[in-house]
Chemist: 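For reference, the structure I am asking about is given below.
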Amino acid sequence: MRMLGRIRVGTRLYGAFGSVALLLMVMISVAVASSVAQRDASQRASESFALRRDALVAKFRAADFNGWQTAYAFDTIRGVPGATDASGAMRAKFLASTAAFQEDLARVGARELTAAERQQLTVAENAFDHFMKIDEQIVAGYRTGTPDAVKVSNELVSGEALYWFDQIASAVDQLAVQAEATAAADAVAARTTYTRGLRLQVLVGAVCLLITAVLAWLVTRMIAKTARNKAILAAIVEQSADATLALTLDGTITTWNSGAERVYGYTAAEAVGRSVAMLMQPDRTAGLSTALTGLAEGRQFQLDEAPRRRKDGSEVFVSTILWPLRDDDGKLIGGAATERDVTARKLRAAQQKIADERAARAARMESLGQLASGVAHDFNNLLAIILNCTEFVAEDTGDQVAGDLARIRDAAERAQELTGQLLLFAKREPVQVEIVDLNVVVTDATDLLSRAIGKNITLRCDIGSDALPVRANRGRLDQILLNLVVNARDAMPEGGTVTVTTGTTELSEGPAQTLPAGRYAQLAVSDNGTGMSAEVRDRIFEPFFTTKPVDQGTGLGLATVYGIVSDTGGTIIVDSTLRVGTTFRILLPIAD
């Protein structure tokens with residue numbers, strides 16, 4: 001029984017001590033809360049008093065600059081030199097006082113104002129703006145110096161300027177009155193808050209204890225959840241296909257994920273601790289220095305197609321975002337970057353651009369072909385009439401007239417040759433095709449080409465060992481070869497070398513290709529002459545376009561080549577560099 005009694009007593013004592021401790025904690029909590037509330041109320045009262053002080057200062061300042069305005073106006077009337085200049089004694093003090101008044105208004109506006117106080121501040125600011133505009137009119141009138149202008153300025157000083165000054169003074173005075181009333185109300189609120197706090201000590205203390213317990217539970221859960229989320233986020237970053245890396249402010253790599261390993265080829269052990277400059281192209285190091293400087297200033301950078309260098313030295317293009325990293329205290333400790341490999345996308349865009357350009361060029365050439373065909377047919381019919389009539393007249397005339405008619409006939413026949421070339425370009429002239437070995441075409445034409453290019457130019461023919469059968473017209477292939485070699489000769493007025501090669505080439509699928517993928521016969525004619533600009537290269541196959549003098553070319557040679565090659569199902573690829581040379585590569589389908 002004694003033991004049971006001791007247990008009961010001990011239990012009661014512990015319960016009493018626990019109750020007292022709980023009560024003390026509640027009272028302390030409420031006291032703290034009451035003190036905080038009273039402090040906040042006191043701070044609001046202090047702010048209100050400070051606002052009243054600032055408003056009174058602004059009021060006195062308004063009277064000050066109004067007095068200085070009157071002073072420089074009197075100086076102007078008395079004829080003081082430079083009275084209206086900014087450097088004038090009274091005018092300078094007026095400007096300094098108005099600038100200080102603006103600062104006073106800005107200081108008042110930065111405080112927490114009630115709606116009524118904010119309204120009075122707006123009235124004061126608007127009145128001050130009007131006052132300053134009137135001052136500009138006053139100064140302009142005084143500087144004019146005419147009696148009428150001076151009179152108007154004097155009336156403005158004693159009239160509108162004074163009116164707006166009264167509006168300013170009234171607004172800041174009302175602002176001060178309202179601030180004083182607010183301060184008194186805040187002081188009463190502070191005392192009321194303190195009284196209520198004392199009455200609610202027990203209740204607030206109990207609530208605080210309950211809240212503390214709930215918060216402790218929530219914080220525990222939040223910490224666990226945050227840790228779990230960070231682990232998931234770290235796993236996502238590590239397994240991301242994009243390169244993610246962190247670096248110090250001097251550019252030293254501190255973090256390197258598996259995506260960075262795939263993009264750049266460096267393992268984390270190879271990259272961490274080294275400078276990020278190892279990923280830059282040699283000509284981009286200056287940009288890295290600029291980026292690190294901006295990073296130290298807290299700026300963020302974004303680049304769409306930045307060139308980078310892989311471990312094997314190859315180039316890769318990345319879309320990158322670099323942003324500053326801060327610790328829990330907000331201190332800048334480095335930067336982080338996420339970079340996505342866009343090399344394939346850039347290549348596709350470049351190929352698509354080439355394909356679009358080629359499609360546009362093909363459409364343009366097709367339109368020119370239709371135009372050339374129509375003109376050539378009509379012109380050829382007219383020439384036939386001229387030639388027939390010339391023959392009829394020549395039979396009935398003398399020798400002198402016959403000579404003139406012969407010259408007419410020769411000119412008409414040359415015109416027929418031009419129309420024939422136009423029809424070739426337009427692919428409107430039917431021809432007979434056969435299986436021809438491209439190597440034989442070049443071999444048989446070697447002697448003719450050597451005589452055509454002259455003594456100061458060397459002709460080299462590199463013929464493939466295997467036969468290159470193509471389905472084409474043999475005469476037109478000779479015409480292609482002769483046109484290209486003669487053009488190469490004309491591009492080397494001081495001499496050089498023309499190289500003719502045959503062989504095969506493989507074309508792969510791609511938007512830049514105009515032919516299906518596969519194996520093609522290739523005829524290439526190269527020179528080391530003057531070369532062409534990009535603008536000229538885009539137009540060389542247009543009929544009648546030429547860079548030669550009028551008496552040296554018709555502009556139909558390459559247009560004819562284009563028509564023949566297109567008619568045989570092939571294509572022409574031109575590579576040219578100014579002052580380096582030009583290469584024409586003709587690709588034709590290989591016949592069975």
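Residue numbers run from 1 in the order of the sequence given.
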Chemist: Among Leu484, Val561, Ile564, Leu587, which residue satisfies the side chain to side chain contact (heavy atoms under 4.5 Å, CB included) criterion with Ile572?
Modeler: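 Considering Leu484, Val561, Ile564, Leu587, a side chain to side chain contact (heavy atoms under 4.5 Å, CB included) with Ile572 is found only for Val561.
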
Chemist: Looking only at heavy atoms, what is the nearest atom pair of Thr583 and Ser526, with distance?
Modeler: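 Distance-wise, the nearest heavy atoms are OG1-OG, 3.0 Å.
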
Chemist: Just how far is it from atom CZ of Phe584 to atom CG of Asp575, taken to the nearest 0.5 Å?
Modeler: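 CG of Asp575 is found 10.0 Å from CZ of Phe584.
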
Chemist: Hey, does Val565 have a side-chain heavy atom less than 4.5 Å from the side chain of Leu588?
Modeler: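 Contact flag for Leu588/Val565 side chains = yes.
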
Chemist: With a sphere of 6.0 Å drawn around CD of Glu297, does it hold more than 12 non-hydrogen atoms of other residues, nucleotides or ligands?
Modeler: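 Yes, CD of Glu297 has more than 12 neighbouring heavy atoms, counting only those of other groups under 6.0 Å.
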
Chemist: For Val574 and Met532, what are the C-alpha separation, side-chain angles and deciding distance, and is it a side chain to side chain contact (heavy atoms under 4.5 Å, CB included)?
Modeler: CA-CA 10 Å; Val574 183; Met532 294 179 287; 3.8 Å; yes

Chemist: Which pairs of donor and acceptor atoms, one on a side chain in residues 446-460, lie under 3.5 Å apart (sequence neighbours left out)?
Modeler:
from	atom 1	to	atom 2	distance (Å)
Thr446	OG1	Val442	O	2.9
Thr446	OG1	Thr443	O	3.2
Ser450	OG	Thr446	O	2.9

Chemist: Just grab all the ring-ring contact (aromatic ring centres under 6.0 Å, His included) pairs involving residues 296-336, residues at least two apart or on different chains.
Modeler: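 Sorted pair list comes back empty.
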
Chemist: Roughly how far apart are Tyr562 OH and Asp567 CG, rounded to 0.5 Å?
Modeler: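 It is 11.5 Å, given to the nearest 0.5 Å.
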
Chemist: Strictly distance-based, threshold 3.5 Å: is any side-chain N or O of Asn126 a donor or acceptor partner for the main-chain N or O of Thr122?
Modeler: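 The answer is yes, because a donor-acceptor pair under 3.5 Å joins these two groups.
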
Chemist: Tell me, which pairs form a salt bridge (charged side-chain N to carboxylate O under 4.0 Å, His left out) where one or both residues lie in residues 334-344, sequence neighbours left out?
Modeler: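 Found Asp242-Arg340, Arg308-Glu339, Arg310-Asp341.
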
Chemist: Any idea which heavy atoms bring Leu515 and Gly569 closest together, and the distance?
Modeler: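 What the structure gives for the nearest pair is CD2-O, 3.7 Å.
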
Chemist: Applying side chain to side chain contact (heavy atoms under 4.5 Å, CB included), run through Leu477 and Leu481 and close with a yes or a no.
Modeler: CA-CA 6 Å; Leu477 290 180; Leu481 191 57; over 6 Å; no

Chemist: What distance separates Asn487 CG from Leu558 CG, expressed to the nearest 0.5 Å?
Modeler: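 Asn487 atom CG to Leu558 atom CG measures 4.5 Å (nearest 0.5 Å).
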
Chemist: Would you say Asp437 and Leu468 make side-chain contact, with heavy atoms under 4.5 Å?
Modeler: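 Asp437 vs Leu468: side chains touch.
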
Chemist: Could you check if a side-chain atom of Val436 sits within less than 4.5 angstrom of a side-chain atom of Pro469, using non-hydrogen atoms only?
Modeler: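 No. Closest side-chain heavy atoms not under 4.5 Å.
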
Chemist: Can you tell if the side chain of Glu136 reaches within under 4.5 Å of the side chain of Val139, non-hydrogen atoms only?
Modeler: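 Not in contact.
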
Chemist: Of all the heavy-atom pairs spanning Ser576 and Thr582, show the shortest one and how long it is.
Modeler: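 Distance-wise, the nearest heavy atoms are OG-OG1, 2.8 Å.
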
Chemist: Please list every donor-acceptor pair under 3.5 Å in which a side-chain atom of residues 495-507 meets a protein atom from a residue at least two apart or in another chain.
Modeler:
from	atom 1	to	atom 2	distance (Å)
Thr502	OG1	Asn439	OD1	2.6
Thr502	OG1	Gly464	N	3.0

Chemist: Under 3.5 Å, is there a donor-acceptor pair between the side chain of Gln300 and the main chain of Ile321?
Modeler: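 Not confirmed, Gln300 side chain does not pair with Ile321 backbone.
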
Chemist: Before giving the answer on side chain to side chain contact (heavy atoms under 4.5 Å, CB included), spell out for Leu295 and Leu249 the whole-Å C-alpha distance, their side-chain angles and the decisive distance to 0.1 Å.
Modeler: CA-CA 7 Å; Leu295 184 65; Leu249 293 177; 4.3 Å; yes

Chemist: Find the distance between CD (Glu125) and CG (Asp129) and round it off to the nearest 0.5 Å.
Modeler: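 Here the interatomic distance stands at 7.5 Å.
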
Chemist: Got a sec: does the CZ of Arg471 have more than 12 other heavy atoms crowding it under 6.0 Å?
Modeler: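 Count not over threshold, so no.
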
Chemist: Got a sec, which residues hit ring-ring contact (aromatic ring centres under 6.0 Å, His included) with Tyr264, two or more places apart in sequence or on another chain?
Modeler: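 Checked Tyr264 against ring-ring contact (aromatic ring centres under 6.0 Å, His included); matches are Trp256.
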
Chemist: Answer yes or no: is there a side-chain heavy-atom contact under 4.5 Å between Thr255 and Thr244?
Modeler: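 A side-chain contact under 4.5 Å is absent here.
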
Chemist: Can you give me the closest heavy-atom contact between Ala291 and Leu322, atom names plus distance?
Modeler: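 Looking at all heavy atoms of both residues, the closest pair is CB-CD2, 4.5 Å.
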
Chemist: Nearest 0.5 Å please: distance from the CZ atom of Arg326 over to the CD1 atom of Ile333.
Modeler: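 The distance works out to 10.0 Å.
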
Chemist: Over all heavy atoms of both residues, which pair between Leu332 and Gly298 is shortest? Give the atoms and the distance, please.
Modeler: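 For Leu332 and Gly298, the tightest heavy-atom pair comes out as CD2-N, 4.1 Å.
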
Chemist: Side chain to side chain contact (heavy atoms under 4.5 Å, CB included) between Leu523 and Val441: does it pass, once the steps are laid out?
Modeler: CA-CA 10 Å; Leu523 170 65; Val441 173; over 6 Å; no

Chemist: Locate the shortest heavy-atom distance separating Asp444 from Arg474; write the atom from each residue and the value.
Modeler: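 Distance-wise, the nearest heavy atoms are OD2-NH2, 2.9 Å.
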
Chemist: Which residues pass the salt bridge (charged side-chain N to carboxylate O under 4.0 Å, His left out) test with Glu270, not counting sequence neighbours?
Modeler: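 Only Lys311 meet the salt bridge (charged side-chain N to carboxylate O under 4.0 Å, His left out) criterion with Glu270.
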
Chemist: How many angstroms lie between OG1 in Thr290 and CZ in Arg299, if you round to the nearest 0.5 Å?
Modeler: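 Between Thr290 OG1 and Arg299 CZ, I get 8.5 Å after rounding to 0.5 Å.
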
